[in-house]
Number of protein chains: 2
Amino acid sequence: MPTDAIIRFLENYIPVSEGEKSLIQAPFEEHVLKRRQKLLRSGEVCKAYTFVVSGCFRMYGVDDRGFEHNIQFVAENDWIADMASFYTVKASLLNIEALEASRVLQIGQADLYRLYEEVPKLNRIFKVMIEHKYIELQNRVLQNFSSTAEQRYLDFLEQYKALANRLPNTQIASYLGITPEFLSRIRKNMQTKR
Amino acid sequence: MPTDAIIRFLENYIPVSEGEKSLIQAPFEEHVLKRRQKLLRSGEVCKAYTFVVSGCFRMYGVDDRGFEHNIQFVAENDWIADMASFYTVKASLLNIEALEASRVLQIGQADLYRLYEEVPKLNRIFKVMIEHKYIELQNRVLQNFSSTAEQRYLDFLEQYKALANRLPNTQIASYLGITPEFLSRIRKNMQTKR
DNA sequence: CTGATTTTTTAAACTAGGTCAAGGGTACCT
DNA sequence: AGGTACCCTTGACCTAGTTTAAAAAATCAG
C-alpha cells in the first residue's frame, strides 16, 4: 500500500497502533504528477498537506520583476505545503512544482483537523515535524550569511549532496539567489582552483 | 503575577482551566536583564524557552568574518529560543541579546517536557505557535526576494512599524543584510524623493 | 533517430551595495 | 558638567554579482 510510507514516516517519531494506522491512512488520496506539473499556484489557497512518495518538488515565489526564487526542495518521504496559506486559508504567495515525474499522497484541511481529534498523538508528531521544518528554514537563513555565493554553493552541495545531482543548476542558482550565469562562473572557477 | 501574561498568551489559542493554569505557571522563573545582556551565547546549548514580559531582544548569528546578522527581533508577549539547539541539545550557532532593559520568564527543557505530559493541550498550542513562527520566518525569506534593499527596508517598516521606532538603524541594517552606511544612504534618498 | 526545448557556458559592459575613513550628534554614567 | 560609548551621516573608491546576447551542449518527446 502506498500509504505505508506515511506510517513508516510517522513511526520515526512515535509508534502507532494498528487501529490508528487505518484511521490515518483512510483520508489520503494518491496523485501522480508529470514533470513541470503544479501542486499549488500562487493566488490559490493551499488546500492539501502533501506527502511525497517519489519524485521531487520545488517551492518558489515570484518577485515583482517576474523572477522566480526557490525556497525549498522536497523529495521522497517528506512533506510539503504552504503552511502560511494552509493554516490561514488565504491565497498563497508560492508555487509548488514537480521537478521530476512524482507520486504523492494528499490530505485536505478538514480531514487533517478531524485526524488531529481522532488521533491526538498526531499533534505531538506534527509539532515535532514542524519544529524540524523550522530548524531547516532557519539554517537556510543562516547559510545565506556566508558572504560569498561560492561559499553558499559549497554549503548547499554539502548539505544536499544527494539532491544536488538530481537538480539542474538553474534551480540551484535560483535557490542560492544568484543568476545561472554567475553560478556557471563559480563552477568554472572551482575547477581551475583544484 | 507576572506569569499571568503567559496564561493570557495561551488563552489566545485555547482556554485553560484553573488547575492547568497553576500547573503551567509553577515552573517558570523570572529574570531581569539589562540592555546588552545575553540570554544565549553561541556555543552554549539553549536550555530555556523564554517568554518576554517586557523589553526587546535580537537573535543573531556571526559570520566567518565576524559580522553579526540579525535573524529576528522579539518584543513583549512573544517567545524566543533557538529551537535548533533547544530540541537537539546541541551547541547553538546563535546569540540572543537584550536591546532594552527587559523582564522575562523562562522554562527549562525538563520542565517543558513534563508540562507537555501534564497538560497535553499544550502540544496543540505549541504546535500552532510554532506554525506561526514558521510562517513569520518564511515571510522573512520571501521578503528578501524584493530585489532592492530600499524595498526591503520599506517592507520592514510596514511590517514592524511599532518595533522600528524602538530599534537603532544599525540593528535594522543588520536585519536587512546591508551595512549601516548603505541604510543611511537609502534613508537620505527617500527624503529627497518625497 | 531527430527536431525542439531546456540547460550550460562565455564574455563584455554595468550597477547595487560594500569598504574605509572621518566628522558630528546624542545619551548615559559618575 | 564632562567623558565615554554608541549612533548616524557623508564621500571617494572598489568589487561581487547582474545584464544582455549568443553559441555550445545536453535532454526530451514523438
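Quick note on labels: first sequence line is chain A, next is B, and so on, each numbered from 1. Computed from a prediction, not measured in an experiment: that's the story for all the values here.
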Checklist entry - What string of B, S and - do you get for nucleotides 5-21 of chain C 5' to 3' if you count protein non-hydrogen atoms under 4.0 Å? => result --SSBBSB----BBBB-
Item to check | Min side-chain heavy-atom separation A:L167-A:Y160 under 4.5 Å | outcome: no
Checklist entry - Heavy-atom distance under 4.5 Å between the side chains of B:I24 and B:T3, does that happen here? => result no
Next on the checklist: Looking only at the aromatic ring of each residue, does the gap between the centers of A:F51 and A:F28 stay below 6.0 angstrom?
Outcome noted: no
Item to check | Value in whole Å for how far the P atom of D:dC6 lies from CD of B:E68 | outcome: 12 Å
Checklist entry - Centroid-to-centroid, B:Y134 to A:Y87, below 6.0 Å? => result no
Next on the checklist: What is the separation between atom CG on A:L176 and atom C1' on D:dT18, rounded to the nearest whole Å?
Outcome noted: 15 Å
Item to check | Spacing of CZ belonging to A:F182 relative to CG belonging to A:N189, to within rounding of 0.5 Å | outcome: 8.5 Å
Checklist entry - So, A:Y153 versus A:R187: side-chain donor-acceptor pair below 3.5 Å or not? => result yes
Item to check | B:E100 CD to C:dA27 C1', straight-line distance once rounded to whole Å | outcome: 15 Å
Checklist entry - D:dT27 C1' sits how many Å from A:L99 CG, rounded? => result 15 Å
